[in-house]
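One structure below.
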Number of protein chains: 2
Amino acid sequence: MADAGSHAKRPDNSFTLTEEGMRQTQELLFFAYRDFTGEADALLADFGFGRAHHRVIYFVGRHPGMAVSELLGILKITKQSLSRVLSQLINDGFILQRSDAADRRRRHLYLTAKGVDLERRLTERQSQLIAGAYQDAGAEAAQGFRAVLRAIINEQDRARVAPREAVE
Amino acid sequence: MADAGSHAKRPDNSFTLTEEGMRQTQELLFFAYRDFTGEADALLADFGFGRAHHRVIYFVGRHPGMAVSELLGILKITKQSLSRVLSQLINDGFILQRSDAADRRRRHLYLTAKGVDLERRLTERQSQLIAGAYQDAGAEAAQGFRAVLRAIINEQDRARVAPREAVE
DNA sequence: AATTTTAAGTCAGCCTTATTGACATATATG
DNA sequence: CATATATGTCAATAAGGCTGACTTAAAATT
């Protein structure tokens with residue numbers, strides 16, 4: 001309650017934005033993200049991979065043919081950091097490179113069949129967790145969930161993920 | 001509406017749960033969590049601290065007097081891992097320990113004034129990011145956001161965070 | 001009273017993922 | 001031809017996890 005006296009308690013945006021509420025949200029995010037990534041971690045470990053590998057597989061799968069520089073731009077890590085995981089993924093046959101026909105300095109990245117398969121298995125687990133949460137929380141909550149996530153993200157990346165809510 | 005032909009294809013929960021939608025959510029979570037944690041990272045770096053320190057400060061601040069074993073249970077890391085950051089925080093005067101009067105093996109953890117101040121500053125930044133996102137997305141979306149986060153979290157931790165939505 | 005269990009902490013070594021800095025190579029471009 | 005760009009590599013460093021092996025102090029059990 002915490003509202004002294006006045007009749008029309010809170011007008012419309014009745015989420016209180018208390019310090020307590022904010023802290024709680026931060027805590028929820030911490031636990032939720034840990035459980036979310038935990039889903040895939042176990043499977044990755046079977047291949048001797050970590051989260052870094054997952055991210056590479058994920059984004060290459062989502063943007064087939066992307067250049068190394070583009071991947072660096074999305075992941076926001078150094079090329080030395082990327083190099084290690086990317087080399088592993090290429091050596092182990094999950095990703096392949098092809099030089100650009102026009103500009104042969106650029107190398108396009110693709111998932112191999114093996115890579116596609118792993119990507120699918122990783123995504124599947126996490127999808128199930130989220131789908132379950134959507135079921136529990138309801139369609140409206142799911143919509144709100146995505147809207148808030150999108151609002152948290154900086155504009156540049158926001159545009160990259162989804163060109164809008166793409167309603168309907 | 002993307003609903004082909006048949007009359008009552010999907011009953012009520014008309015969110016499509018497409019593979020694409022799931023992938024998008026995963027991507028949103030990745031970017032959002034990165035931006036969320038990035039807020040605090042800069043400030044932490046000023047003290048030579050990292051995210052691990054933040055988590056300790058956060059949970060001790062939220063549960064003053066908690067024992068080391070309880071903290072380990074929440075963070076789900078080994079005591080050797082915790083030891084490193086906890087020792088630093090104690091040596092640098094952000095956290096203090098006090099032995100339990102009854103069971104003197106147990107040591108209770110508290111934030112010092114310095115610790116409280118840092119915690120507040122860290123939380124403030126992240127609160128602002130989330131509050132802004134709530135403003136953008138609306139009160140209803142904010143509610144849905146928390147509901148989905150809660151549903152993602154395993155039951156044990158879910159109970160720990162918030163004993164329910166604690167409406168009003 | 002002696003033994004075992006528990007809470008906390010330490011030492012040593014290893015792994016992953018990130019960093020910076022310095023270079024190397026091939027290819028475009030001016 | 002000179003310079004800039006895209007990619008890759010070598011080397012060193014750091015944070016933050018991990019396992020395993022102990023220690024110390026205090027409580028609990030037998």
Side-chain angles (χ1 to χ4, degrees), chain A residues 30 33-34 37-38 40-60 65-92 95-110, chain B residues 30 33-34 37-38 40-60 65-92 95-110:
Chain A
F30 166 69
Y33 196 74
R34 183 169 70 181
T37 53
D41 288 348
L43 181 54
L44 287 160
D46 295 346
F47 295 86
F49 293 157
R51 267 181 220 177
H53 301 83
H54 187 183
R55 292 197 282 269
V56 171
I57 286 176
Y58 178 85
F59 283 107
V60 171
M66 76 190 307
V68 174
S69 57
E70 293 169 333
L71 186 52
L72 284 173
I74 286 180
L75 297 177
K76 285 190 190 129
I77 59 176
T78 59
K79 70 179 164 180
Q80 295 93 322
S81 295
L82 175 59
S83 167
R84 188 175 26 83
V85 295
L86 188 54
S87 302
Q88 278 180 271
L89 289 168
I90 291 169
N91 288 332
D92 294 359
I95 284 183
L96 62 85
Q97 284 182 314
R98 249 174 21 214
S99 287
D100 185 283
D103 183 342
R104 296 219 312 271
R105 291 172 306 179
R106 311 193 82 210
R107 303 185 192 170
H108 299 286
L109 302 171
Y110 303 88
Chain B
F30 167 69
Y33 196 73
R34 183 169 70 181
T37 54
D41 288 348
L43 181 54
L44 286 160
D46 295 346
F47 296 85
F49 293 156
R51 267 180 219 177
H53 302 83
H54 187 182
R55 291 197 282 268
V56 171
I57 287 177
Y58 178 85
F59 283 108
V60 171
M66 76 190 308
V68 174
S69 57
E70 293 169 333
L71 186 52
L72 285 173
I74 286 180
L75 297 176
K76 284 188 190 134
I77 59 175
T78 59
K79 69 179 163 178
Q80 296 93 322
S81 296
L82 174 59
S83 167
R84 206 174 9 205
V85 295
L86 187 53
S87 302
Q88 279 180 271
L89 289 168
I90 291 168
N91 288 333
D92 294 359
I95 283 183
L96 63 85
Q97 285 181 313
R98 250 174 20 213
S99 287
D100 185 284
D103 184 341
R104 298 219 311 272
R105 291 172 306 180
R106 311 194 83 209
R107 301 181 194 175
H108 300 286
L109 302 171
Y110 303 88

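These numbers were taken from a predicted model, which means no experiment stands behind them. Quick note on labels: first sequence line is chain A, next is B, and so on, each numbered from 1.
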Separation of dT5(D) C1' from Leu72(A) CG (nearest whole Å): 13 Å
Under-4.0 Å side-chain N/O to phosphate OP1/OP2 contact, Arg107(A) with dG8(D): yes
Short side-chain N/O contact from Arg104(A) to OP1 or OP2 of dA6(D), under 4.0 Å: no
Phosphate-side-chain proximity, His53(B) and dG16(D), N/O vs OP1/OP2 below 4.0 Å: yes
Distance, rounded to the nearest Å, where Asp103(A) contributes CG and dT7(D) contributes P: 8 Å
Candidate list Arg106(A), Arg105(A), Arg107(A), test side-chain hydrogen bond (donor to acceptor under 3.5 Å, both in side chains), partner Asp103(A), passing option: Arg105(A)
Whole-Å gap separating C1' (dT10(C)) and CG (Asn91(B)): 14 Å
Among dG8(D), dG9(C), dT7(D), the nucleotide that comes nearest once only the side chain of Leu86(A) is considered: dG8(D)
Whole angstrom value for the distance that separates P of dG16(D) from CG of Asp41(B): 10 Å
Lys76(A) NZ to dT19(C) P, straight-line distance once rounded to whole Å: 12 Å
Whole-Å distance separating the CD atom of Glu70(B) from the C1' atom of dA7(C): 12 Å
Residue whose nearest DNA chain C nucleotide is more 5′ - Asp100(A) or Phe49(A): Phe49(A)
Residue closer to the 5' end of DNA chain C, Gly48(A) versus Ala102(A) (nearest nucleotide): Gly48(A)
Shortest side-chain distance from Arg84(A), nucleotide among dA8(C), dT9(D), dT17(C): dT17(C)
Distance, rounded to the nearest Å, where Leu82(A) contributes CG and dT7(D) contributes P: 10 Å
Sub-4.5 Å side-chain heavy-atom contact between Val68(A) and Gln97(A): yes
Minimum-distance nucleotide (side-chain atoms of Ala52(B) versus dT19(C), dG16(D), dC18(D)): dG16(D)
Closest nucleotide among dC18(D), dA7(C), dT10(C) to the Arg105(B) side chain: dA7(C)
Whether Phe49(A) and His53(A) hold their rings parallel, tilted or perpendicular, with breakpoints at 30° and 60°: parallel
Minimum-distance nucleotide (side-chain atoms of Gln80(B) versus dT19(C), dA12(C), dG16(D)): dA12(C)
Presence of Gln97(A) side-chain N/O under 4.0 Å of dG8(D) phosphate oxygens OP1/OP2: yes
Test item: Asp92(B) and Phe47(B) side chains (from C-beta on) under 4.5 Å apart, heavy atoms: no
Arg55(A) side chain near Val85(A) side chain, heavy-atom distance below 4.5 Å: no
Thr78(A) vs dT19(C): side-chain N/O to OP1/OP2 distance below 4.0 Å: yes
Exam field: side chain Arg51(A) to backbone Leu44(A), donor-acceptor pair closer than 3.5 Å: no
N or O in side chain of Ser69(B) less than 4.0 angstrom from dA7(C) OP1/OP2: no
Shortest side-chain distance from Ser81(B), nucleotide among dG8(D), dC18(D), dA27(D): dC18(D)
Separation of dG8(D) C1' from His108(A) NE2 (nearest whole Å): 17 Å
Candidates dG9(C), dG16(D), dA12(C) - which lies nearest the side chain of Lys79(B): dG9(C)
